[in-house]
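The block underneath contains the structure these notes are about, expressed in structure tokens.
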2 protein chains.
Amino acid sequence: MASQLNLSIDRSSPVPLYHQVVQGIEAAIHNGTLAPGSRLDNEIDLAAKLNLSRPTMRKAMDELVRAGLLVRKRGVGTQVVASQVRRSLELSSLFDDLASRGSKPTTEVLSFAHREADASTREALNLPAGASVYHFVRLRKVDGKPLALMENWVRDDITEITESALRTRGMYDILRSGGVNFRLANQRIGAVVANEYQAPLLETPVGAALVTMERTAVDDTGRMVETGHHVYRADSYSFEMTLVQR
Amino acid sequence: MASQLNLSIDRSSPVPLYHQVVQGIEAAIHNGTLAPGSRLDNEIDLAAKLNLSRPTMRKAMDELVRAGLLVRKRGVGTQVVASQVRRSLELSSLFDDLASRGSKPTTEVLSFAHREADASTREALNLPAGASVYHFVRLRKVDGKPLALMENWVRDDITEITESALRTRGMYDILRSGGVNFRLANQRIGAVVANEYQAPLLETPVGAALVTMERTAVDDTGRMVETGHHVYRADSYSFEMTLVQR
DNA sequence: CATCCTGATATGTCCTAACAAGCGGACATA
DNA sequence: TATGTCCGCTTGTTAGGACATATCAGGATG
């Protein structure tokens with residue numbers, strides 16, 4: 001099974017070679033050039049074909065294995081794994097997710113305040129007594145239909161946040177523009193039933209199922225930047241992810 | 001900040017050197033030898049100190065960065081990221097999760113069958129017409145309290161599954177013993193409210209919130225081994241995970 | 001005919017070596 | 001004093017080679 005892999009490597013590009021290979025193989029898998037289950041040429045031949053060293057080729061394949069697109073077996077070879085694998089759950093905002101899918105998200109800011117943090121917020125964000133935070137509640141709609149009710153607390157010593165900015169942009173986008181480099185987030189997903197406050201806002205009956213998500217995000221300096229409590233209509237939203245065994 | 005890092009590398013061990021380094025640094029972070037926020041020595045010095053090459057050292061640090069324990073910045077250095085980071089969501093079973101936490105899970109097998117797969121199951125597991133599968137429903141309790149209602153379909157051409165085995169062991173444990181090497185799983189988490197069938201089994205009122213999880217697991221040969229639909233009592237269970245920016 | 005051994009193949013691990021590029025402080029200059 | 005440039009430090013990328021080890025097929029052996 002000679003692979004029809006037809007990659008072009010641009011050595012003058014600022015994009016690292018191994019990353020160009022990753023993108024090339026990813027594209028080949030998605031457009032069907034590399035069928036699920038098919039075997040790739042061995043690492044050494046592939047590297048030779050692209051005029052790359054074996055370590056570079058391996059680094060590219062490592063990433064694809066980690067992403068769950070390829071499977072390697074010692075002594076046997078490397079093959080394309082089956083099926084519609086979604087990318088691993090990423091550190092992105094709902095706004096970006098929706099926008100990239102072609103939907104038109106809108107945001108209503110139900111409340112907005114810049115005030116001293118209470119005890120539980122200080123604990124969640126690891127702030128000293130007396131520190132102040134932004135606190136706001138937003139309602140996210142898609143095509144006029146309410147989808148999520150989101151309450152967030154954000155530390156105020158990084159970048160300024162305004163109510164008008166929140167109306168047109170996602171929170172993560174605003175923070176990134178303000179120089180925040182997110183590194184990781186802890187989140188917890190659960191379920192509740194809609195109460196009298198949530199139900200009318202989400203235009204769903206009291207007692208309807210809602211997905212809950214609590215998240216605290218940390219930037220590259222180790223600061224906890226943001227914590228939030230979101231609820232989503234269960235009939236419109238769920239969390240999809242791919243788990244990879246390492 | 002000279003690191004007190006005191007690792008011992010055993011070159012005669014079958015454990016790869018880079019993995020020994022990963023374990024050593026992981027342990028140092030967890031026992032406090034490496035404090036959150038502290039800077040590590042640079043790669044070259046660290047490698048020299050352990051008599052390793054820089055690529056080996058880097059491979060170890062790569063893994064720790066991916067796991068969210070370390071943060072690297074070009075031109076600056078590498079530091080330990082803030083504290084209570086849970087390990088990324090893993091491909092494990094509820095049974096193992098509970099057992100490793102010291103709880104005593106019990107399993108009731110509500111139904112068990114070995115029969116021809118219907119169309120939707122064949123699609124989920126990518127099976128040909130006429131193939132047969134195991135189909136079973138289990139109720140998982142912890143300390144006598146019901147927690148999860150789990151319905152699964154498993155292909156039957158890999159290993160034998162018996163009702164009695166399911167009563168004492170987790171499904172993933174059984175499959176792994178049967179030679180299955182899981183590689184990845186796609187899962188979706190959402191919410192529903194308990195219906196008349198689920199409520200009495202889970203000893204919760206009709207209309208209570210439940211967390212739902214649908215999962216399909218793939219082994220290292222690309223076969224879809226197992227698909228299932230689980231519901232959990234929302235007041236007793238939620239999914240916790242750490243997302244890492246790459 | 002069944003079993004064991006062996007060799008070819010492919011990935012896994014580890015090394016040395018070199019240059020590129022971002023960051024930040026030191027230093028020189030206006 | 002303020003500012004801009006330069007240089008050293010550290011991580012990022014790439015190369016090329018060597019040996020280890022799991023797997024599988026085919027041949028030798030009982």
Side-chain angles (χ1 to χ4, degrees), chain A residues 1-3 7 9-23 25 38-66 69-81 179 181 183 220-221 245-246, chain B residues 1-3 7 9-23 25 38-66 69-81 179 181 183 219-222 245-246:
Chain A
M1 180 168 304
S3 69
L7 303 182
I9 301 297
D10 176 8
R11 300 191 82 93
S12 68
S13 161
V15 177
L17 302 183
Y18 70 85
H19 200 252
Q20 292 185 40
V21 176
V22 167
Q23 292 174 326
I25 296 182
S38 62
R39 270 214 332 282
L40 269 67
D41 285 351
N42 70 58
E43 299 172 349
I44 300 182
D45 289 353
L46 268 181
K49 205 169 295 183
L50 298 175
N51 284 312
L52 298 172
S53 68
R54 187 179 165 215
T56 301
M57 196 65 216
R58 263 187 79 77
K59 184 165 169 92
M61 296 174 83
D62 271 347
E63 298 220 354
L64 291 162
V65 167
R66 247 180 258 266
L69 293 175
L70 297 182
V71 169
R72 287 196 283 210
K73 286 185 105 172
R74 183 193 287 203
V76 180
T78 303
Q79 43 178 327
V80 179
V81 84
N181 297 308
R183 265 300 167 267
D220 57 1
T221 65
Q245 180 80 19
R246 299 191 303 182
Chain B
M1 178 168 307
S3 70
L7 303 182
I9 301 298
D10 176 7
R11 298 192 83 94
S12 67
S13 161
V15 178
L17 302 182
Y18 68 86
H19 199 252
Q20 293 184 38
V21 177
V22 168
Q23 293 175 325
I25 296 181
S38 62
R39 269 213 334 280
L40 268 67
D41 286 349
N42 71 59
E43 299 172 349
I44 300 182
D45 288 354
L46 268 182
K49 205 169 295 183
L50 297 175
N51 285 312
L52 297 172
S53 69
R54 188 181 164 213
T56 301
M57 194 67 216
R58 265 186 76 77
K59 184 168 170 85
M61 295 174 85
D62 272 347
E63 298 219 355
L64 291 162
V65 168
R66 245 179 260 266
L69 293 175
L70 297 182
V71 169
R72 285 196 285 209
K73 287 183 108 169
R74 182 191 289 200
V76 179
T78 304
Q79 37 178 330
V80 180
V81 87
N181 297 308
R183 265 299 168 267
D219 77 356
D220 57 1
T221 64
Q245 180 79 19
R246 299 192 302 182

Measuring from the side chain of A:Thr56 (C-beta onward, heavy atoms only), which nucleotide among D:dT14, D:dT10, C:dA10 has the closest atom? D:dT14

Going by purine N1 to pyrimidine N3 plus the second Watson-Crick contact, or the G-U wobble pair, all under 3.5 Å, which nucleotide sits opposite C:dA8? D:dT23

Separation between CG of A:Leu17 and CZ of A:Arg11, rounded to the nearest 0.5 Å: 5.0 Å

Whole angstrom is fine here: how far is it from CZ in A:Arg74 over to C1' in D:dT23? 10 Å

How close do A:Arg72 and A:Arg58 get, heavy atom to heavy atom, and via which atoms? NH1-NH1, 3.7 Å

Side chain of A:Arg54, base of C:dG12: donor and acceptor closer than 3.5 Å? yes

Is the backbone of A:His19 close enough, under 3.5 Å, to the side chain of A:Glu63 for a donor and an acceptor to pair up by distance? no

Let me know the distance between CZ of B:Arg58 and P of D:dT13, rounded to the nearest Å. 7 Å

d(NZ, B:Lys73; C1', C:dA21) in whole Å: 15 Å

note: B:Leu17, atom CG; C:dC14, atom P; distance rounded to Å ~ 4 Å

Does A:Glu43 use its side chain to pair, donor to acceptor, with the backbone of A:Met57 at less than 3.5 Å? no

Counting the atoms with a prime plus P, OP1 and OP2 as sugar-phosphate, which does B:Pro16 contact under 4.0 Å by heavy atoms, base, sugar-phosphate, or nothing? sugar-phosphate

Rounded to whole Å, the CG-P distance (B:Leu50 to C:dC14) equals 13 Å

Does a side-chain N or O from B:Tyr18 land closer than 4.0 Å to OP1 or OP2 of C:dT13, or not? yes

When the distance from CD of A:Glu43 to P of C:dG12 is rounded to whole Å, what number comes out? 6 Å

Value in whole Å for how far the C1' atom of C:dG12 lies from CD of B:Glu63: 13 Å

Determine the contact category for B:Ser53: base if any of its heavy atoms lies under 4.0 Å from a base atom, sugar-phosphate if only primed atoms, P, OP1 or OP2 are that close, otherwise nothing. base

Of A:Met57 and B:Ile44, the one whose nearest nucleotide on DNA chain D sits closer to the 5' end is B:Ile44

Given C:dG12, D:dG16, C:dC15, the nucleotide with the shortest approach to the side chain of A:Pro55: D:dG16

Quick check: closest heavy atoms across B:Asp41 and B:Leu46, and the distance to 0.1 Å? O-CD1, 3.6 Å

Options C:dC14, D:dT10, C:dT11, nucleotide nearest the side-chain atoms of B:Arg11: C:dC14

Nearest-angstrom distance from the residue atom CE of A:Met61 to P of C:dA10: 12 Å

